[in-house]
Every structure is written in C-alpha cells, then in structure tokens.
Amino acid sequence: MIEESQVIKVRHEKLQKLKEMGLKLYPNDFRPKDKAKYIKDIYKNFTQEELEKKEYEFSLAGRLMAKREMGKLIFAHIQDETDRIQILVAKSEISAEDFKFFKKFVDIGDIIGVKGRLIKTKTGEITILVKDLKLLTKALRPLPEKYHGLKDTELRYRMRYVDLIMNPEVRELFKTRTRIIQYIRDYFISEGFLEVETPMMHPIAGGAAARPFITYHNALDMNLYLRIAPELYLKRLIVGGFEKVFELNRNFRNEGVSSRHNPEFTMLEFYEAYATYEDLMKRTEELFYSLALEIKGSAKITYQDYEIDFTPPWQRVEFLKAITELGGVPEEVLYNKEKLINFAKEKGIELNLKDPRIGKWWTKLFEELVEPKLIQPTFVIKFPIEVSPLARRNDENPDFADRFELYIAGKEVANAFSELNDPKDQRIRFEEQLKLREVDEEIPPEIDEDFIRALEYGMPPCAGEGIGIDRVVMIFTDSPSIREVILFPHLRRKEDL
RNA sequence: GGGCCGGUAACUCAGUCGGUAGAGUAUCGGCCUUUUAAGCCGAGAGUCGCAGGUUCGAGUCCUGCCCGGCCCA
C-alpha cells in the first residue's frame with residue numbers, strides 16, 4: 001500500500017522516474033573497500049597538502065544521513081556500520097548529470113556508494129570529495145528528524161531498525177550485549193564446558209515454576225510447551241556422561257511484560273559434575289569480575305544511582321537472616337503462621353494463604369522486603385527445601401537446600417544449587433509438589449517420569465546454575481528496562497502504525 | 001489488576017479561558033563553491049489515538065475503549 005503521506009508519495013514518484021530513466025534500481029555491484037571510522041582514525045591528523053599527495057581512491061557505502069546544498073557544492077554525511085563521514089559532491093568534480101542526479105534524486109535515508117579522494121575542509125573535517133557516486137537503495141520512507149532523532153519509546157521498540165539507524169548509542173548497546181554473551185560463552189568453553197542444544201519444545205514444561213506457552217504438533221497430535229528452563233535436559237546429559245555442559249539460549253514464560261520481564265528471555269544454564277554450589281559461587285565471582293574488567297575495564301561499574309563493585313569475595317547472607325535482619329521481620333513472626341499473616345497484612349504484602357508452604361510465604365516477604373536492598377553482588381544462601389524441589393538437601397539441616405541466589409542492583413541475576421541426584425527423594429519432592437498444583441498453577445501438572453528414570457541410572461554429584469543474561473546486560477549497559485537490551489521486545493499488536 | 005502521565009503533520013514538539021490547527025526538521029520550487037542542527041525567499045502537508053456525550057461551537061470539558069511509559073501490587 002502506498003501511504004497517504006506527501007513525503008512518502010514523492011519518494012515513490014522519484015523511484016518511478018528513475019525506473020523510467022532506465023536506471024537499475026537495486027544494484028548489488030558496488031564493493032566498498034573502506035569504512036568511515038577507519039578513514040577518520042587514520043587520516044584525521046593529515047594536512048590538506050598531505051592528503052592531496054595521496055592517490056588512493058577511497059570507496060565507501062552507507063546511508064545518507066544529512067544533505068546540505070550550497071549551490072555548486074553539496075555537503076552530506078554517509079553512515080556505515082562504523083561511523084559517519086562527510087562527503088562533498090562538487091559540480092566541478094563530477095559530471096553535470098551526476099551532480100543533478102545527486103541533487104534531485106538522492107534523498108536522506110538512501111543507501112549510496114561513493115568513490116573519491118580525501119580532502120580536509122576549512123573546519124578541518126576529513127571529507128570524501130566524490131568523483132563517482134551510485135544509488136544503491138532508494139529509501140521510500142523519510143528518516144526521523146535529524147536533531148532529535150527517534151525518541152518515542154513505543155516507536156523505537158516497534159521499529160527498532162529506525163532506532164538503530166538514528167541512535168548510535170543503541171547500536172553500541174547491542175554490540176555490548178553481543179560482547180557480553182561472547183565473553184561468557186568463551187569463558188565456559190575455555191573452562192572445558194561443552195555447549196549443547198536441548199529441546200525448546202517440551203512435552204512437560206519442567207525445571208522451573210512458571211506458566212508455559214502451549215503449542216501444538218500436528219503430525220504427532222500432541223501439545224508441546226515452549227521450555228521454561230532447560231534444566232531437566234541438561235541434567236540428563238550429566239547422567240549421559242558429559243561432565244561439564246552449558247546452554248545459552250532462550251526460555252519462554254507466559255507472564256506479563258514489565259521493565260524486568262519479557263516473555264522470552266535469554267538464560268545461561270551450566271552444570272558441573274563433582275562440584276558443589278560452593279564451587280559455583282567462586283566460579284560466579286570469577287566470571288562476573290573478569291566480565292566487568294573485559295566490558296567496562298574496571299571491577300566497579302555504575303548502574304543507575306549505584307556503584308557496584310564486583311571484586312571478590314562477595315557478601316553471603318542466609319535466606320532467613322536476610323528476612324529478619326535486612327527485611328526487618330521479627331524472628332518470632334517468622335515461624336508463627338498467624339503472626340506472619342498479620343505482619344504481611346500490615347506491610348501490605350499479599351500472601352497466598354491457600355498455599356500451606358511457609359517457605360513460599362517467606363519467599364514473598366523476601367521479594368518484597370529484601371530484594372530491593374541487595375545492591376552489591378550478594379549470595380543469598382540456605383533456601384527452604386520446599387521452594388527448592390530440584391536442589392540437594394543440606395547434609396546438616398535437611399529442611400534447607402544447598403542453594404544460592406545471586407542478587408545485584410536489587411535484581412535476581414542467578415540461581416544455583418548442588419543438584420538433587422537421589423531419584424527416590426526427587427520423586428517424593430515432585431509428588432509433594434503435585435499435591436499443591438491446585439493452589440499454585442506454576443507447578444508442572446505432571447511428573448517428568450523420564451527425568452526420574454534418568455536419575456535412576458545414576459547422576460554423578462554435581463551443581464548447576466542459571467544466569468539471567470538480559471539482566472546481566474541491563475546491569476552492564478546501565479539500562480533501566482529489559483526492553484532496552486532486547487532488540488525486538490514484545491509489545492501488543494498494533495495494525496495502524 | 002490499581003494509580004499517575006502521554007498519544008496533535010513522516011519526526012521532535014507547542015496549542016492559553018472551549019472560538020478558523022501551529023513551529024522546527026523533512027518534502028517541493030528558487031538563490032548560494034567550505035557547509036556541518038548551514039543560511040535566505042516561497043509553497044504544500046493533519047482521522048488532533050478511537051467511539052460516544054455536553055455545547056451554538058471540542059485538540060481543549062465528561063464517559064468508555066485502544067496503545068505506550070512510569071510507579072505500585
């Protein structure tokens with residue numbers, strides 16, 4: 001559909017005119033040899049005289065971002081992946097036809113290729129003096145305003161391509177995201193972990209407490225669930241004899257969207273045989289510390305209003321102590337259900353009273369009262385066993401799990417535990433859980449019998465951890481919202497954009 | 001789910017007490033050989049998120065809905 005907008009109509013008319021003139025409209029035979037950033041880096045200190053001696057013909061392709069006509073001179077800026085560089089189209093330097101073509105038919109937003117030598121302008125800007133130019137792709141829609149760019153958050157997310165064209169800091173952020181992910185991947189590979197891919201579609205959505213997305217497989221005539229966690233498959237691999245594995249990919253949870261949640265998010269899970277959650281704390285400290293040095297050049301980074309220091313060792317606090325000492329919940333309240341209910345009510349915290357697990361109530365209080373206070377990297381340890389169905393019991397106190405969660409800047413970033421490898425205990429835990437399905441719809445509706453069978457073949461003692469990659473990227477790019485670190489965050493559909 | 005804020009030209013935004021819908025950018029025509037948010041002269045461009053209501057008259061007031069943002073749960 002051709003849009004009503006006058007500006008867009010003009011572009012379509014130009015394209016039609018070019019077609020009638022016999023121009024090949026979308027050529028793909030221009031091979032740029034140079035990049036804007038490298039040209040500027042290398043030649044910025046050259047004088048005009050030095051540049052004149054250089055006979056090399058530069059060639060560069062990119063998007064026209066600005067155009068300033070000055071009679072027989074037209075200054076413009078081209079943006080490629082690396083940077084923007086000024087070009088000068090001068091009537092004295094190219095054919096009259098090409099000059100007129102550039103003036104009349106090449107618009108801001110078009111992709112062009114140029115060839116020419118370098119000059120330095122009066123103001124000292126490195127500039128390509130164009131000898132040869134070619135329209136590579138005509139843009140049929142105008143770019144946003146050149147000074148303010150694209151600011152509307154909704155439009156930025158819905159049309160990320162325009163956001164990326166207009167806002168270099170957004171391009172930089174997503175490059176940083178990729179560097180973070182590559183660094184983490186390299187770290188695990190160099191530590192001897194095997195990167196694996198396990199199913200995204202599960203017959204039973206297990207490994208976490210969350211509502212899954214449901215999909216349907218026609219040929220098998222069965223429902224499948226988009227995975228909420230790869231955990232149970234990765235442990236099968238530990239059973240199978242791989243001793244160090246990791247998977248770095250998407251999970252899907254059917255929950256609302258917010259500045260902290262996107263229904264699909266990137267998760268790292270890794271499992272290590274013959275290791276404990278204590279070992280994983282050390283590994284996590286090492287990973288984040290070196291990541292901070294790699295990405296930010298310092299162990300200390302700024303996130304919003306906080307300075308966060310990744311220098312190990314990090315503080316450790318027991319789950320219940322955190323609730324009493326940091327959350328301000330009196331100890332006598334903690335173990336008395338009636339007092340607990342009243343306390344929560346006073347604080348305006350809603351407990352699921354149908355759920356008999358006091359550990360669930362504690363978790364709620366923890367989320368409300370403690371989480372926001374955990375700014376510096378903090379390991380919360382000793383979680384109640386009833387909210388840790390896949391974790392190993394502590395040898396001294398079997399009501400608690402050998403588990404930690406990592407909090408940074410008030411956000412849960414990682415969750416790890418020594419893995420439960422006793423198949424009988426695992427079955428009991430699943431069965432206990434299943435009884436509570438009526439009061440907690442996030443509990444998987446079915447026991448994963450194949451997983452238990454796998455454990456019955458014997459899983460070596462091991463520990464595993466999940467790290468929320470989007471949250472890590474938020475922290476390292478100082479982003480207040482998860483949508484800023486996801487290229488195409490989910491929004492409600494809108495037809496009339 | 002609740003509260004607050006926003007949605008006006010392709011983009012960024014004004015729009016007073018309810019009285020003919022504005023600016024800059026972009027576009028179109030013209031001038032200009034060192035501009036860089038270029039400048040100057042001129043022109044065109046609107047489902048004021050959607051649907052109702054109040055009113056002689058609604059971008060503006062009221063109600064409902066849609067989309068987004070922030071905060072809370």
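Just so you know, these numbers use all the heavy atoms, side chains as well, and skip hydrogens, waters and symmetry mates. No experiment lies behind these values; they were computed from the predicted model shown. Quick note on labels: first sequence line is chain A, next is B, and so on, each numbered from 1.
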Checklist entry - What integer number of Å spans the C1' atoms of B:rA26 and B:rC13? => result 15 Å
Item to check | Those residues that, when tested against A:Y225, pass side-chain hydrogen bond (donor to acceptor under 3.5 Å, both in side chains) (two or more places apart) | outcome: none
Next on the checklist: Measure NE2/A:H148 against P/B:rA26 and give the value in whole Å, please.
Outcome noted: 13 Å
Show me the donor-acceptor pairs within less than 3.5 Å that the side chains of residues 362-372 of chain A make with the rest of the protein, sequence neighbours left out.
{"unit_1": "A:W362", "atom_1": "NE1", "unit_2": "A:L334", "atom_2": "O", "d": "3.0"}
{"unit_1": "A:T363", "atom_1": "OG1", "unit_2": "A:G359", "atom_2": "O", "d": "2.7"}

Next on the checklist: When you measure from the side-chain N and O atoms of A:R141 to the phosphate of B:rA10, is any distance below 4.0 Å, counting only OP1 and OP2?
Outcome noted: no
Checklist entry - How long is the gap from CZ on A:F174 to CG on A:L164, to the nearest 0.5 Å? => result 7.0 Å
Checklist entry - Roughly, in whole Å, what's the span from CD1 in A:I108 to C1' in B:rC28? => result 14 Å
Item to check | Separation of atom CG in A:D152 from atom C1' in B:rG69, rounded to whole Å | outcome: 9 Å
Item to check | Parallel, tilted or perpendicular, as decided by the 30° and 60° cut-offs, for the rings of A:F310 and A:F476 | outcome: parallel
Checklist outcome for this item: If pairing means Watson-Crick or G-U wobble with both distances under 3.5 Å, then the partner of B:rU60 is none
Checklist entry - Which residues in residues 75-94 of chain A have at least one heavy atom lying under 4.0 Å from any atom of RNA chain B? => result A:F75, A:H77, A:Q86, A:S92
Item to check | Residue-phosphate contact under 4.0 Å: A:R492 side-chain N/O, B:rG68 OP1/OP2 | outcome: yes
Checklist entry - Which whole-number value in Å describes the distance from A:R158 CZ to B:rG49 C1'? => result 12 Å
Checklist entry - A:K17 has an atom NZ; how far is it from atom P of B:rC28, in whole Å? => result 12 Å
Validation: residues 129-136 of chain A side-chain donor-acceptor distances under 3.5 Å, sequence neighbours left out:
{"unit_1": "A:K131", "atom_1": "NZ", "unit_2": "A:E93", "atom_2": "OE1", "d": "2.7"}
{"unit_1": "A:K134", "atom_1": "NZ", "unit_2": "A:D29", "atom_2": "OD1", "d": "2.8"}
{"unit_1": "A:K134", "atom_1": "NZ", "unit_2": "A:D29", "atom_2": "OD2", "d": "3.2"}

Checklist entry - Within the structure, does a side-chain N or O atom of A:K104 lie under 4.0 Å from either OP1 or OP2 of B:rG30? => result yes
Next on the checklist: In this structure, how many angstroms lie between the P atom of B:rG68 and the CG atom of A:L150, rounded?
Outcome noted: 16 Å
Checklist outcome for this item: Here the distance between atom C1' of B:rA26 and atom CG of A:L143, to the nearest Å, is 9 Å
Checklist entry - Under 6.0 Å between ring centres, would you say that holds for A:Y56 and A:F58? => result yes
Item to check | P spacing across the pair B:rC66 / B:rU27, given as an integer number of angstrom | outcome: 38 Å
Next on the checklist: Rounding to an integer number of Å, can you tell me how far A:I165 CD1 sits from B:rA10 C1'?
Outcome noted: 14 Å
Checklist entry - Which residues satisfy the side-chain hydrogen bond (donor to acceptor under 3.5 Å, both in side chains) test with A:E20, sequence neighbours excluded? => result A:Q16
Checklist entry - Just by modelled atom types, is the A:I486 backbone N or O under 3.5 Å from a matching donor or acceptor in the A:R160 side chain? => result yes
Next on the checklist: For B:rC17, give the paired nucleotide (Watson-Crick: N1-N3 plus N6-O4 or O6-N4; G-U: N1-O2 and O6-N3; both under 3.5 Å), or none.
Outcome noted: none
Next on the checklist: Given 3.5 Å as the limit, does a donor-acceptor pair link the side chain of A:K24 with the main chain of A:K19, or not?
Outcome noted: no
Checklist outcome for this item: Sorted by number, residues from residues 64-73 of chain A placing a heavy atom under 4.0 Å from RNA chain B are A:R68, A:E69, A:M70, A:G71, A:K72, A:L73
